[in-house]
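Since we're looking at a predicted model, the values are computed, not measured.
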Amino acid sequence: MNDAAPAPNTPRRARVRAPELIGKGGWLNTGGKEYTLTDLRGRIVILDFWTFCCVNCLHVLDELRELEERHRDTVVIIGVHSPKFVHEAEHQAVVDAVERYEVEHPVLDDPELATWKQYAVRAWPTLVVIDPEGYVVAQHAGEGHAHAIETLVAELEAEHEAKGTLRRGDGPYVPPEPVATDLRFPGKALRLPGGTFLVSDTTRHQLVELAADGETVLRRIGSGERGLGPDSFSEPQGLALLPDGRIAVADTVNHAIRTFDPESGEITTVAGTGKQWWQGSATTGPALAVDLSSPWDVAWWQDRLWIAMAGVHQLWTYDPATETVEAVAGTTNEGLVDGPAAEAWFAQPSGLAAGGDRLWVADSETSAVRWLDTDLVVHTAVGTGLFDFGHRDGDAAQALLQHPLGVTALPDGSVAVSDTYNHALRRYDPATGQVTTLATDLREPSDAVLVGGDGSGDPDIVVVESARHRLTRLRLPEEAVRVESVAHRTQRAATEVGPGKLRLDVVFQAPAGQKLDLRYGPSTRLLVSSTPPELLASGDGADTDLSRELVLADGVTEGVLHVSAMAASCDDDPAIEYPACHVHQQDWGVPVRVVDGGTGRLALVLAGMDEAGEAGEATAG
């Protein structure tokens with residue numbers, strides 16, 4: 001691996017012709033026109049392989065916004081939507097996601113993963129850069145590559161301007177027609193003491209107070225423009241009532257916790273700096289001095305505000321008395337591991353609910369319901385891992401969900417689950433260990449609020465139907481709706497590996513103008529584990545080398561390898577007195593199947609090109 005950066009305008013060895021863009025779902029944001037790479041010749045093309053369930057993919061969408069604006073006349077970003085969950089393969093769901101997250105570039109809907117297989121890219125997210133002549137010149141898996149791509153774009157602009165192969169002009173993006181509704185992809189809801197509802201109107205960057213009927217708009221809070229100012233939010237989600245009457249708001253894309261005073265209307269930032277947390281940053285300290293990462297929900301429990309920190313797969317707390325934050329549960333590794341909070345693994349926790357001595361958690365990427373007890377031990381009620389999901393009732397050990405985003409504590413100690421991608425409201429009862437279906441034919445329910453339940457009769461529950469842009473009131477039935485059981489595994493194929501030794505190589509090449517900074521020791525980190533743990537006979541654990549020999553145990557024929565890699569590169573210019581450093585990181589969940597004749601090497605691309613000058617294969621979850 002060569003860490004030296006190529007000099008500007010140095011011809012690249014790689015002359016890999018970019019495969020054509022194909023996708024059965026067709027194109028979005030182009031006014032109905034379909035495009036080929038030939039149509040885009042003369043432009044720098046950045047392919048963003050993403051799926052809308054993935055918070056890391058959403059981070060990359062935000063990272064690309066500034067680059068997209070600065071280079072709008074030379075760069076065309078193409079989102080290649082490559083689904084993990086069955087629901088994400090539905091075309092309308094992709095249409096909704098493109099609007100929900102304000103994707104302002106063309107998107108190719110690739111439900112069968114055709115283009116993603118052509119590029120041998122299996123990591124969510126992955127960015128591929130194609131030069132104006134139609135050749136692949138770079139590949140980056142994970143987040144944090146915007147600076148490197150910005151540098152590469154500037155180099156490509158200069159190189160192809162000089163060659164006469166750069167074509168400037170308007171891009172192919174055509175915005176969709178706006179739709180008038182009172183709410184637009186609402187995220188979470190809260191019943192206020194006066195009986196009204198406060199809803200996070202996520203796509204419009206506002207909070208909306210609705211009357212007790214759940215329909216009549218009483219007031220809007222926030223300007224509707226993205227921002228971290230005194231009158232703005234950026235894709236707010238979770239809401240929680242604080243003891244002093246203020247409302248805590250998970251201001252997701254601002255990476256902040258805000259408060260809203262219903263009496264004065266004042267919006268205040270109480271935690272977060274507005275910058276996204278990265279590995280190596282502080283995880284405890286004064287709340288306004290510590291970075292956060294995509295807080296998705298909040299709940300008041302055990303005299304603290306608990307935060308579902310979806311962006312780093314952890315639970316944090318905010319203490320208003322000391323104005324401090326602390327990471328309490330989760331290691332930042334993505335997966336499903338129970339045990340003491342500091343050792344547990346989560347996967348994009350997105351919903352919280354306080355239920356007596358339990359804090360319920362909707363752990364969306366593992367399609368799981370988890371809970372934290374007062375001894376700070378994490379347990380799993382429903383769910384088995386990153387790649388198993390479906391709609392199956394019955395015993396919790398066998399029950400299946402599909403990417404739930406919300407949990408609601410019920411008076412009898414059970415929990416209602418907003419089973420988002422199954423379009424259903426489910427219920428888990430700890431007393432019986434059973435999962436039942438309460439309602440179907442909802443559209444991407446993301447939260448629910450209990451109304452009633454005072455002992456005078458069955459309570460109602462108000463569900464946030466995010467993709468129908470409304471609140472829906474339901475009477476909880478005496479018996480669950482019975483549905484046919486369905487089980488799924490992600491359609492991404494497992495990697496076939498040979499028995500015994502398996503070489504793991506994480507490919508990283510420092511971006512142009514940067515180098516690995518070794519002045520204070522190694523600047524790389526590799527952590528490996530497996531599900532089940534018995535899959536690995538040796539090779540698990542943490543080290544600084546990005547290559548490692550793993551040994552697969554005899555008798556275990558399939559499982560998931562969990563790989564977490566990080567590399568820090570710094571500006572490589574002696575003239576810069578204080579060089580800036582950039583963190584590149586990615587977590588992979590690699591499904592593997594052990595077969596005779598399977599590969600003996602697994603190569604995962606963190607950044608750069610492989611030694612042959614071609615984009616290496618990356619497999620991630």
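Of the possible polar contacts, one joining the Ser223 side chain to the Glu225 backbone as a donor-acceptor pair under 3.5 Å is found. A donor-acceptor pair is defined here as one N or O able to donate and one able to accept, closer than 3.5 Å; no such pair exists between the side chain of Asn29 and the backbone of Val107. In this structure, Asp297 contributes its side chain and Gln237 its backbone to no donor-acceptor pair below 3.5 Å. Judged by distance alone, with hydrogens and angles left aside, the side-chain atoms of Arg43 form a donor-acceptor pair with the main-chain N or O of Gly169 at under 3.5 Å. The main-chain N or O of Ala424 is never found under 3.5 Å from a side-chain atom of Asp419 such that the two would form a donor-acceptor pair. Of the possible polar contacts, none joining the Lys188 side chain to the Val199 backbone as a donor-acceptor pair under 3.5 Å is found.
Taking His145 as the reference, His140, His584 meet the ring-ring contact (aromatic ring centres under 6.0 Å, His included) condition, with sequence neighbours excluded. For His81, the ring-ring contact (aromatic ring centres under 6.0 Å, His included) partners are Trp50, Phe52, not counting sequence neighbours. The side-chain hydrogen bond (donor to acceptor under 3.5 Å, both in side chains) test applied to Gln279 returns Thr332, not counting sequence neighbours. With sequence neighbours excluded, the residues that form a side-chain hydrogen bond (donor to acceptor under 3.5 Å, both in side chains) with Ser294 are His59. Here Tyr318 pairs with nothing under the ring-ring contact (aromatic ring centres under 6.0 Å, His included) rule; sequence neighbours left out. Contacts of Asp447 classified as side-chain hydrogen bond (donor to acceptor under 3.5 Å, both in side chains), with partners at least two apart in sequence or in another chain: none. Annotation: side-chain hydrogen bond (donor to acceptor under 3.5 Å, both in side chains) contacts of Ser564 (sequence neighbours excluded): Asp587. Residues satisfying the side-chain contact (heavy atoms from CB on, under 4.5 Å) criterion with Glu90, sequence neighbours excluded, are His87, Ala93, His423, Arg443. For Glu99, the side-chain contact (heavy atoms from CB on, under 4.5 Å) partners are Arg184, Phe185, not counting sequence neighbours. With sequence neighbours excluded, the residues satisfying salt bridge (Lys or Arg N to Asp or Glu O under 4.0 Å) with Asp131 are Arg15. Ser364 is linked by a side-chain contact (heavy atoms from CB on, under 4.5 Å) to Gln348, Ser350, His403, Leu405, counting only residues two or more places apart in sequence or in another chain. Looking at residues two or more places apart in sequence or on another chain, you find a side-chain contact (heavy atoms from CB on, under 4.5 Å) between Thr317 and Arg304, Trp306, Glu326, Val328.
With contacts defined as side-chain heavy-atom distances shorter than 4.5 Å, the pair Arg246/Leu241 does not qualify. A 4.5 Å side-chain heavy-atom check between Val75 and Ile77 finds at least one atom pair inside the cut-off. Here the side chains of Ser281 and Val290 are not in contact, with every heavy-atom distance at 4.5 Å or above. Under the 4.5 Å side-chain criterion, counting only non-hydrogen atoms from C-beta, Arg226 is in contact with Asp62. With contacts defined as side-chain heavy-atom distances shorter than 4.5 Å, the pair Asp73/Asp170 does not qualify. Contact annotation: the side chain of Val361 approaches that of Leu352 to within less than 4.5 Å [non-hydrogen atoms, C-beta and beyond]. At least one side-chain heavy atom of Val217 sits less than 4.5 Å from a side-chain heavy atom of Val208. Side-chain contact between Phe389 and Leu400: absent, with no pair of heavy atoms (C-beta onward) separated by less than 4.5 Å.
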Stepwise side-chain contact (heavy atoms from CB on, under 4.5 Å) check, Ile44 with Val129: CA-CA 7 Å; Ile44 300 164; Val129 182; 4.2 Å; yes
Steps toward side-chain contact (heavy atoms from CB on, under 4.5 Å) verdict (Ile46, Leu127): CA-CA 7 Å; Ile46 300 173; Leu127 297 170; 4.3 Å; yes
side-chain contact (heavy atoms from CB on, under 4.5 Å) evaluation trace for Arg370 with Leu336: CA-CA 9 Å; Arg370 320 279 296 278; Leu336 194 154; 3.9 Å; yes
Candidate pair Ile130 and Leu37, rule side-chain contact (heavy atoms from CB on, under 4.5 Å), full reasoning: CA-CA 9 Å; Ile130 302 170; Leu37 286 176; 4.2 Å; yes
Worked check of side-chain hydrogen bond (donor to acceptor under 3.5 Å, both in side chains) between Gln276 and Glu63: CA-CA 10 Å; Gln276 184 183 336; Glu63 289 177 5; 5.3 Å; no
Step-by-step side-chain hydrogen bond (donor to acceptor under 3.5 Å, both in side chains) determination, Glu88 to Thr51: CA-CA 7 Å; Glu88 293 176 301; Thr51 187; 2.8 Å; yes
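The local environment of CD in Glu20 is crowded, with over 12 non-hydrogen atoms from other residues, nucleotides or ligands closer than 6.0 Å.
Across all non-hydrogen atoms, the minimal contact from Gly311 to Asn56 is O-ND2, 4.4 Å. Between Val270 and Ala287 the shortest heavy-atom distance is O-CB, 3.2 Å. Nearest approach of Trp296 to Ala250, heavy atoms of both residues: C-CB, 4.0 Å. Between Trp316 and Ala282 the shortest heavy-atom distance is CH2-O, 4.0 Å. Considering all non-hydrogen atoms of both residues, Thr269 and Ala256 come closest at CG2-CB, 4.4 Å. Residues Ala565 and Val506 approach most closely at CB-CG1, 3.8 Å, considering heavy atoms.
Note on Glu209 versus Arg220: no salt bridge recorded, every NZ/NE/NH1/NH2 to OD/OE distance being 4.0 Å or above. Glu235 and Arg100 are not joined by a salt bridge, as no carboxylate oxygen comes within less than 4.0 angstrom of a charged side-chain nitrogen. Here Asp291 does not pair with Lys275 in a salt bridge; the nearest charged N to carboxylate O distance is not below 4.0 Å. At a threshold of 4.0 Å, the pair Lys33-Asp39 does not count as salt-bridged, since none of the basic side-chain nitrogens sits closer than that to a carboxylate oxygen. The pair Glu66-Arg70 meets the salt-bridge criterion, with a side-chain N (NZ, NE, NH1 or NH2) lying under 4.0 Å from an Asp/Glu carboxylate O.
When each of Ile257, Val249, Asn254 is tested with Pro295 by the rule side chain to side chain contact (heavy atoms under 4.5 Å, CB included), just one qualifies, namely Ile257. Among Asp182, Asp441, Asp96, the single residue meeting the salt bridge (Lys or Arg N to Asp or Glu O under 4.0 Å) criterion with Arg468 is Asp441.
Taking CG of Asp231 as the start and CD of Gln206 as the end, the distance is 9.0 Å to the nearest 0.5 Å.
Aromatic rings from Trp116 and Trp124 are positioned such that their centres are separated by under 6.0 Å.
Taking the ring axis of Phe387 as reference, the NZ or CZ atom of Lys84 stays within 45° of it and closer than 6.0 Å to the ring centre.
One side chain, His105 or Glu68, offers a donor N or O that lies under 3.5 Å from an acceptor on the other. Thr74 and Glu157 share a donor-acceptor pair across their side chains, judged by distance under 3.5 Å alone.
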